[in-house]
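Order of listing sets the numbers, starting from 1, for every ligand and every atom in it.
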Amino acid sequence: MQIFLDSTDTKVIADLASTGLVDGVTTNPTLIAKAGRPMLEVIAEICDLVPGPISAEVAATTADAMIAEGQKLAGIAPNVVVKIPLTRDGLIACAAFANEGISTNVTLCFSPTQALLAAKAGATFVSPFIGRLDDYGFDGMDLIRDIRTIYDNFGYETEILAASVRNVAHVKDAAIVGADVVTIPPAVFGDLFKHPLTDKGLDQFLKDWAGTGQSIL
Ligand code: E4P
């Protein structure tokens, strides 16, 4: 499973990318607002930091305007993925980008049938929002499961990008039910490394090793 970071914090992205475990980055208008810097500059920096797919979201709501914005965003770097909302206009723009060979991430997906339409429109990625569904009393993971079944039934190649991830359990479950990608906030990425028994076990090993008086080098 690919792991993307859901962030516009270039310092944090650079640090976490140095682990070699970050496959891409997603951004959205809220995260761009948080960065407090011009979007094109932030996206260009992220594209330099991480060679994988970098999602940059359009702000327009009509197909023609989304296409114009997406073409500009796609011109920033070859690894830009144009992020488009899952609306009727968004899917028209998505199909246009597919014809032009521009990669897309169809976002704000909350139902299996929306995901079906995104695949038919030729989306490269579809982003079901797990956490926001959980917030409303649904099980976000059911959505990933349903999309997986539908895509496998018909052989759609659109990749399922589990988004709105809030915790390690979301990452585990998304991997189990067959998401192709998970995009996670930096704090959750840090949590993936942790287990109290790892810390406890390492403490003991280091103590015992020190007791031997040996050194490997
Ligand atoms: C990523 O593509 C999404 O924009 C993001 O995961 C949304 O997360 P949120 O629901 O925590 O804002």
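- Near Arg132, the atoms of ligand 1 lying under 4.0 angstrom from a non-hydrogen atom of the residue are 7 (C), 9 (P), 10 (O), 12 (O).
- Residues Asp89 and Thr62 have side chains that never bring a donor and an acceptor to within less than 3.5 angstrom of each other.
- Residues Met141 and His170 share a closest heavy-atom pair of CE-O, 3.7 Å.
- Among protein heavy atoms, the minimum distance from atom 5 (C) of ligand 1 is reached at Asp6 OD2, 3.0 Å.
- Below 4.0 Å from some heavy atom of Thr26 lie the following atoms of ligand 1, by number and element: 1 (C), 2 (O).
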query = After noting the C-alpha distance and the side-chain angles of Arg145 and Asp173, does the key distance pass the salt bridge (charged side-chain N to carboxylate O under 4.0 Å, His left out) rule?
reply = CA-CA 10 Å; Arg145 219 175 270 117; Asp173 292 339; over 6 Å; no
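- At the top of the distance list for atom 4 (O) of ligand 1, counting protein heavy atoms only, stands Asn28 ND2, 2.8 Å.
- Distance from atom 8 (O) of ligand 1 to its nearest protein heavy atom, with residue and atom name: Ser164 CA, 3.4 Å.
- Under a 3.5 Å cut-off, the side chain of Asp23 and the backbone N or O of Ile3 do form a donor-acceptor pair.
- Assignment of Lys83 to the shell around ligand 1 is supported, since a heavy atom sits closer than 4.0 Å.
- Proximity of a side-chain donor or acceptor of Asn79 to a complementary backbone N or O of Pro53 within less than 3.5 Å is not detected.
- Using a non-hydrogen distance threshold of 4.0 Å, Thr107 does not register as a contact of ligand 1.
- Aromatic ring pairs are classed by plane angle as parallel below 30°, tilted from 30° to 60° and perpendicular above 60°; the pair Phe154 and Tyr156 is tilted.
- To the nearest 0.5 Å, atoms CZ (Phe97) and CD1 (Ile84) are separated by 5.5 Å.
- Residue Thr27 has no N or O atom closer than 3.5 Å to an N or O atom of ligand 1.
- Listed by atom number, the atoms of ligand 1 under 4.0 Å from Phe129 heavy atoms are 3 (C), 4 (O), 7 (C).
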